[in-house]
Structures are given as C-alpha cells and as structure tokens.
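Reading through the structure tokens given below for one structure.
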Amino acid sequence: MSKYQEQVKELVAENPIIVFSKSWCPYCRQAKTTLDAENVQHKDLELDQMDTGDAIQAAIGELTAQRTVPAIFIGGKFIGGNSDLQALKRNGRLKVMLKEAVSTA
Ligand SMILES: N[C@@H](CCC(=O)N[C@@H](CS)C(=O)NCC(=O)O)C(=O)O
C-alpha cells in the first residue's frame with residue numbers, strides 16, 4: 001500500500017465524516033452545505049490547496065475506484081460523491097448514517 005493510500009486510510013479512521021474536496025468545485029460545495037444543514041462536524045480537505053493533493057486524489061482513486069471530488073467517507077465507509085450523498089439524503093439513510101458515525105466516534 002502506498003504512503004498516500006495509508007494517509008487516506010488514517011484520515012478516514014480519525015474523522016467520522018470527511019470530505020476530500022476542491023475549493024472551486026460546485027459539487028463539493030453542495031456536499032459540504034448538505035452536511036452543514038445536518039448540523040454535523042465534518043473534516044474537509046481542499047486537495048487543490050495542498051502540495052500532496054494530487055497524490056491523495058490518486059490514492060483515493062486506487063482505494064475506491066472513484067477519481068472525482070468530492071469523495072465522502074462517513075463512519076469509515078466510502079459513500080461516493082455528491083450525487084450519492086444527495087441520494088442518501090432523499091432516501092432518509094443519511095441522517096441514520098451520520099448519527100451512527102458521530103455516536104461511535
Ligand atoms: N457525480 C459526481 C461529479 C463530481 C465531479 O464531476 N467532480 C469534478 C469537480 S467539480 C471532478 O472531480 N473533476 C476532476 C478533478 O477535479 O480531478 C458527484 O456528484 O460528486
């Protein structure tokens with residue numbers, strides 16, 4: 001496993017809700033706004049503002065097969081991007097997942 005894959009795994013383990021994001025990305029913005037509206041704290045990493053952002057994005061791609069941002073992990077699980085987050089919100093699973101993620105933290 002590469003150094004960057006290990007770093008991603010550590011970040012996911014340490015943060016109940018983490019969004020790998022880019023500061024200019026509208027899907028990322030919507031995902032973060034959606035999580036804000038649920039009143040949960042989330043760690044956001046703006047990959048475009050980090051020297052190692054490209055390497056981290058590549059490592060996420062290797063671990064999850066998703067190469068776009070946002071890449072969202074809740075409770076240690078990869079849930080996908082913004083469209084996946086919005087689908088979880090629509091079907092009511094998001095609130096349950098967030099509650100579980102925060103209460104086991
Ligand atoms: N369906 C995806 C679309 C995500 C997407 O297209 N993200 C763009 C940025 S807004 C992206 O990752 N582009 C490639 C890149 O920045 O490396 C979602 O809902 O998250």
Side-chain angles (χ1 to χ4, degrees):
M1 182 171 297
S2 77
K3 162 176 145 186
Y4 292 106
Q5 288 182 17
E6 277 178 18
Q7 193 183 345
V8 169
K9 288 200 156 195
E10 275 172 27
L11 284 163
V12 168
E14 284 165 6
N15 294 283
I17 303 161
I18 181 163
V19 182
F20 294 91
S21 173
K22 289 188 182 174
S23 59
W24 50 264
C25 157
Y27 298 107
C28 303
R29 199 166 305 129
Q30 191 184 5
K32 291 179 284 188
T33 303
T34 297
L35 291 169
D36 286 343
E38 297 292 335
N39 289 313
V40 288
Q41 288 196 342
H42 45 98
K43 170 92 173 171
D44 305 329
L45 282 188
E46 305 299 345
L47 298 180
D48 60 313
Q49 297 175 343
M50 298 167 63
D51 290 345
T52 56
D54 286 348
I56 290 174
Q57 187 174 2
I60 294 167
E62 287 149 15
L63 290 167
T64 68
Q66 183 194 286
R67 291 174 196 284
T68 54
V69 288
I72 306 164
F73 294 76
I74 297 177
K77 278 196 221 117
F78 176 63
I79 66 116
N82 180 55
S83 51
D84 304 289
L85 184 74
Q86 299 308 324
L88 286 172
K89 185 180 165 186
R90 276 195 302 275
N91 72 20
R93 281 283 302 150
L94 181 61
K95 272 190 200 305
V96 179
M97 288 185 78
L98 292 173
K99 203 169 170 193
E100 282 174 3
V102 171
S103 65
T104 57

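Counting begins at 1 with the first residue of the sequence. Just so you know, ligand 1 is whichever comes first in the structure, and atom 1 is the first atom listed for that ligand. Quick caveat, the model's predicted, so the values are computed rather than measured.
When non-hydrogen atoms are compared, ligand 1 lies under 4.0 Å from neither the backbone nor the side chain of Phe20.
Selection from Leu85, Asp54, Asn82, Val69 by nearest heavy atom to atom 7 (N) of ligand 1 gives Val69.
Residues Lys22 and Asp48 share a closest heavy-atom pair of CA-OD1, 3.3 Å.
Annotation: atom 13 (N) of ligand 1 to nearest protein heavy atom, Thr68 CG2, 4.5 Å. Protein heavy atom nearest atom 10 (S) of ligand 1, with residue, atom name and distance: Cys25 SG, 3.0 Å.
Ligand 1 is never approached by Gln86 to a heavy-atom distance shorter than 4.0 Å.
The hydrophobic clustering, which links ILVMFWY residues whose side-chain heavy atoms are closer than 4.5 Å, places Ile60 and Ile74 apart.
Here is the list of ligand 1 atoms found below 4.0 Å of a heavy atom in Ser83: 1 (N), 18 (C), 19 (O). Proximity to Gly81 (heavy-atom distance under 4.0 Å) selects the following atoms of ligand 1: 20 (O). Within ligand 1, the atoms closer than 4.0 Å to a non-hydrogen atom of Gln57 are 15 (C), 17 (O), numbered from 1 in the order shown.
Judged purely by distance below 3.5 Å, without hydrogens or angles, the side chains of Lys32 and Ser21 pair a donor atom with an acceptor atom.
With values rounded to the nearest 0.5 angstrom, Leu47 atom CG is found 6.0 Å from Gln57 atom CD.
Around CG of Asp51, the count of heavy atoms belonging to other residues, nucleotides or ligands within 6.0 Å does not exceed 12. Atom CZ of Phe78 has more than 12 heavy atoms from other residues, nucleotides or ligands within 6.0 Å.
In terms of polar-atom proximity, defined here as any N/O pair under 3.5 Å, Pro70 makes no such contact with ligand 1. The distance criterion of under 3.5 Å between nitrogen or oxygen atoms is met by Lys22 with respect to ligand 1. At under 3.5 Å, not a single nitrogen or oxygen of Tyr27, backbone or side chain, sits near a nitrogen or oxygen of ligand 1.
Between Ile72 and Asp84, the closest side-chain pair of non-hydrogen atoms is not below 4.5 Å.
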Apply side-chain contact (heavy atoms from CB on, under 4.5 Å) to Tyr4 and Leu63, showing your working. CA-CA 10 Å; Tyr4 292 106; Leu63 290 167; over 6 Å; no
